[in-house]
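In what follows, a structure is listed as structure tokens, so that the remarks can point back to it.
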Amino acid sequence: MASRDFSHRLSDAHGSLRKPVSLARRLHIDVPLLVLLLVLASVGLGVLYSASGGDMNYVRRQSIFMCLAFTGMFIVAQIPLDFYRRWSPWAYLGGCALLVGVLLFGTGAKGAQRWLEIAGFRFQPSEVMKLGVPMMVAAFLHQRAQPPSLVTVIGALAIVAVPAALIVRQPDLGTSILIAASGLFALYLAGLSWKMIGAAAMGLVVSAWPIWQWGLRDYQRQRILTLLNPHDDRFGAGWNIFNSKAAIGSGGVYGKGYLQGTQSQLDFLPESHTDFIIAVLAEEWGMRGVLLLLLLYVLVIARGIYISFMAQHLFGRLLAGSITLTFFVYVFVNIGMVTGLLPVVGVPLPIISYGGTSLITLMAGFGILMAVGTERRRVHF
Amino acid sequence: MPHDHHLKDPHTEQRLFRNRMLVAIVGVIALLGVLIARFYNLQVVDYDDYRTQSDDNRIQVRPVAPTRGLIYDRNGILLADNRASYNLSIVRERVKDLDATLELVGHLVRLGDGDVAKFRKRLRRRRPFEPVPLRFRLSEEEIARISVNQFRMPGVSVEAELVRYYALGDLFAHSVGYVGRISDRDLSNFTKEDVRLYRGTRSIGKVGLERSYEKTLLGEVGYENVEINARGRVLRVLERQDPKPGADLTLHLDAHLQQVASDALGDRRGAVVAIDVNTGGVLAFVSKPSFDPNLFVTGISFADYRALSDSLDVPLFNRAVQGQYPPGSTLKPLMGLGGLEAGLITRETKIKDPGFYKLPNDPRLYRDHVRWGHGEKVDLIQAMAQSCDVYFWDMAHRWDIDGMHDMAAHFGLGSKTGIDLPMERSGLFPSRDWKRGARGMPWFPGDSLNAVLGQGFVLATPLQLAVMTATIANRGTHYRPQMVKTINGVEQPAEILHNLEAHPDNWDLVFEGMEAVVNRSYGTGKRAGKDLNFRVAGKSGTAQVVGIAQGARYDSEALQERHRDHALFVAFAPVDKPRIAVAVLVENGEAGGGVAAPVARELFAEWVPRPDTQENTAQKTRLSKGVDNG
């Protein structure tokens, strides 16, 4: 789908060298990406207005979060890539220290410790590691020969394993897996041999039973069982999935109309403004709306891949590729979870779901993408 | 930028990266395909299923209870009304901690242990999100206390409900009856159709007209399709099929006459039934002692119920239709007519009454209630007026018991009258077959002597005696007794069960005898006609409660009060154009003429002077045209 598109744009990029430097370039802004993100943000606010039952408070607060997140993105984009590369070990080590801190002094709810409170400000160190881990892996691989040797691979795996293990202990299996994935994507893109990938896949299959038996907690096993048969427990654990599927399915091709979704407007859909927000969109806008949203996501991903292709150095390339693929994983896991393909793991729908923290991390990631995309200009100046 | 360029080949690196990314892109496209297929599956393939599920989620069909039909007396006085009553209800789904809420409620309103236990029982068989009542009949003050504290108790609400109210209290408890909460036993008798009809309704007729006209009064349940949210709150009504209110009943009963009858009976145990001679409509229907039917409407307390059910006076017992008493001498007019029709006696027949009767070949003496007898020459008129037993014994001895039985049956004795009230008893008038079947014994001549005087096996309810009297007053036209006059304004036709053909002279003679009972100086029922400017015809009766040993003297003082004879009196008035027939029973009242007859007199004094309304006349002419034997 995208490869011809890329070569076309490639020549464009070369051509732009001869043109006068645009304001966007000077500000390290990737215009297509920014436009797509703004469109997604507007769609998100629109769906949120409906999902919150017309509560302007939610929309107002989310708008403020978005302003902060976009501002953060601009700031992140201004920082030279080399700075990130050199500082990534410190960021990574600091992040690990914070994760240890969470386990020692963390606060939280429902039996999980995920937050650190410093001077009255509550934050989640695992969010930092969403960017810290791929950055560290990319920086680590950047200094080594490609394709990576076995020693390099073991080193990279160790980098991934430490924070992942710390986050699993919180416990937060979902975030841990996503963070591990972002690091592994970098390793994969750096040229991890297919033999090793195949061996890892085999290992996973073999260890599936022990993981099920000893690696998962009861509620996690329950979620997976619920996924397999949601009707068994319609009014218990299966309630969310049952109602989100009813919402999506009853939307049909054309949807029930904006603000007309009965499942969401009548509160049958739990967490309709956070993790399950796509069910609201699917109910009110139908399959048309879903396809449109997926298209927006695909364009964002395509732009991210394009940026990674254009990157001058391995560090930027791996980081941009990893961030882009991880973004797709977020989209896939959230939609898979809401449509009943995957267990409910509490992953928000990027840019659309209500919530500040994940939005800021996400937009910081796009800031790094923009920094990668405009790196060459910096080199020339 | 300081880079480590050793062993690095930028072009190989880039090619490797691109290859890897292309594989990843294939993966992304494949996964996107999975998502799109998933949406296609949900939104296109299974659309109908999910559409239905989503509608099921939001639309709930709620029953709307119909209002129960009202019950009026013949003059439009409301006997059974519906009034708003305020209940405290709880929706389980909206309460976090039920025990804490119950405790909090307990501080605000008076809650008995029974209330909480019954609430928990109701909680188990309710529908989801349905408000379950905890306390009924809140006072104004309790409602105020709840509303002030409402914010502390989500899920607790005060709901208005229409409940039955019997404005005249105990006066109509045995006729109108009462409704009560639908019990488990009611539910187990419900058909599928009943289950549908009673959706949304909490009470059901338990006794009296409330029970026998249950389906008429109930009405038809309505429905509301309401949109609800996940917390069960009704957001809007999508569609509504209004309930059909129950039909209103207007009774033949007259509240004033009822009051008069009740007052006349006073504190004594007994029953009074008055019947409109021309229609069979029941004008007064009293069973004493009575009780307050309002106690039962929302569930009677254990203590109140114990008090009623343990009372020696059995106030819950409906003496007028369930009490079976030996009718005693009140049968004499009927038996006299039978004797005349059978040709056993004539106007001229006279007998000698020495105070006892002796069957041939039987040493036993049958003693008249007047020890010294009624004289040398007693004819039928005198035999009725003075209640001479020997005259009737002599006749009965010559009469076939089955003929006697058939005559009694013409007047409705020995079978249910068919009144529109539940739980009526049939009484008994024996026959040869009956005795063989029920007792396994042949008929003895002595049995006939007992039967003719309404003793022995003979049992009748006060209602049957009233029907019998009305049939005599009608000269043989036997109407089915009826409580309900109109349903929703539609006149209920009077129904003639039987027409007895008898010679007019014989009727005249019976009337004369009954008139003599009230009007002759020696009549036993003089007090029934005292100070009335119209003529009354009647017959007194005394029913033995316990058998008196042969030769022993009756000594009321020596007997417990409850073993004393029952006093009976039946009468109709005015004689020339009968309008009302009355049967009075006073338990352990001893003397029919002395105790029961004055009660009948009060009813006549109230009723007969009333103008014979046009309505009555119109009805009479219509009926006389439409007479056919049912």
Side-chain angles (χ1 to χ4, degrees), chain A residues 1-3 80-82 85 142-147 185 188-192 242-243 245-253 262-263 265-270 282-283 286-287 290-291 294 297-298 301-302 305 308-309 311-314 317-318 321 325 328-329 331-332 335-336 339-341 379, chain B residues 1-10 12-59 93 128 227-236:
Chain A
M1 164 182 81
S3 60
L81 208 56
D82 202 45
R85 190 180 63 79
H142 178 80
Q143 287 163 341
R144 279 150 184 91
Q146 308 304 314
F185 279 138
Y188 159 79
L189 291 171
L192 177 66
F242 180 88
N243 282 294
K245 278 163 74 183
I248 296 167
S250 66
V253 176
T262 53
Q263 289 282 106
Q265 301 299 331
L266 302 177
D267 291 336
F268 281 98
L269 199 57
E283 186 182 20
M287 197 167 169
V290 170
L291 291 179
L294 286 178
Y297 281 132
V298 165
I301 289 158
I305 291 171
S308 72
F309 270 41
Q312 298 295 294
H313 299 284
L314 188 60
R317 194 180 294 146
L318 293 181
L325 290 180
F328 173 74
V329 169
V331 172
F332 181 79
I335 297 179
T339 55
L341 288 174
V379 173
Chain B
M1 286 176 84
H3 281 296
D4 286 320
H5 286 293
H6 60 98
L7 298 172
K8 285 179 78 117
D9 173 0
T12 320
E13 271 183 9
Q14 194 153 27
R15 208 178 56 240
L16 185 63
F17 176 83
R18 289 193 177 176
N19 287 341
R20 283 306 168 94
M21 193 49 111
L22 288 174
V23 172
I25 287 167
V26 171
V28 166
I29 290 169
L31 290 177
L32 271 173
V34 169
L35 288 186
I36 290 169
R38 181 65 175 169
F39 278 103
Y40 179 81
N41 224 310
L42 292 173
Q43 299 192 296
V44 178
V45 178
D46 293 336
Y47 168 72
D48 290 335
D49 287 354
Y50 286 113
R51 178 91 223 185
T52 314
Q53 260 177 33
S54 143
D55 281 349
D56 282 354
N57 251 352
R58 79 188 172 103
I59 296 169
E93 280 77 0
E227 188 171 77
I228 57 158
N229 68 10
R231 290 182 294 274
R233 222 179 86 205
V234 175
L235 300 176
R236 61 189 167 133

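In the text below, chain A, chain B and the rest are named by the order of the sequence lines, each starting its count at 1.
No side-chain heavy atom of A:Arg317 sits under 4.5 Å from any side-chain heavy atom of B:Arg18. The closest side-chain heavy-atom distance from A:Leu81 to A:His313 is not below 4.5 Å.
Among A:Ala311, A:Ala190, A:Ser308, the residue making the largest number of heavy-atom pairs under 4.5 Å with chain B is A:Ser308. Looking only at heavy-atom pairs under 4.5 Å with chain A, the residue among B:Val23, B:Asn19, B:Thr12, B:Thr52 that has the most is B:Val23. The choice from A:Ala247, A:Gly191, A:Pro147, A:Gly286 that makes the most heavy-atom pairs within less than 4.5 Å of chain B is A:Gly191.
With a 4.5 Å cut-off on non-hydrogen atoms, A:Ala282 touches chain B through its backbone and its side chain both. Only the side chain of A:Val290 has a heavy atom closer than 4.5 Å to any heavy atom of chain B. Contacts between A:Ile248 and chain B at a heavy-atom distance below 4.5 Å involve backbone atoms as well as side-chain atoms. For A:Leu192, the parts lying near chain B are the backbone and the side chain together; criterion is any non-hydrogen pair under 4.5 Å. A:Phe332 touches chain B through backbone and side chain together, each having a heavy atom under 4.5 Å away. When heavy atoms are compared at a cutoff of 4.5 Å, A:Leu294 approaches chain B solely by way of its side chain, counted from C-beta outward.
Of all heavy-atom pairs between B:Gln53 and A:Ala246, the closest is OE1-CB, 3.8 Å. A pairwise comparison of heavy atoms in A:Leu341 and B:Val34 identifies CD1-CG1, 3.9 Å as the closest pair.
Put simply, CG on A:Leu325 and CD1 on A:Ile305 are 6.0 Å apart, with the number rounded to the nearest 0.5 Å.
Residues passing the salt bridge (charged side-chain N to carboxylate O under 4.0 Å, His left out) test with B:Asp48, sequence neighbours excluded: none. The side-chain hydrogen bond (donor to acceptor under 3.5 Å, both in side chains) search around B:Ser54 returns A:Lys256, A:Thr262, not counting sequence neighbours.
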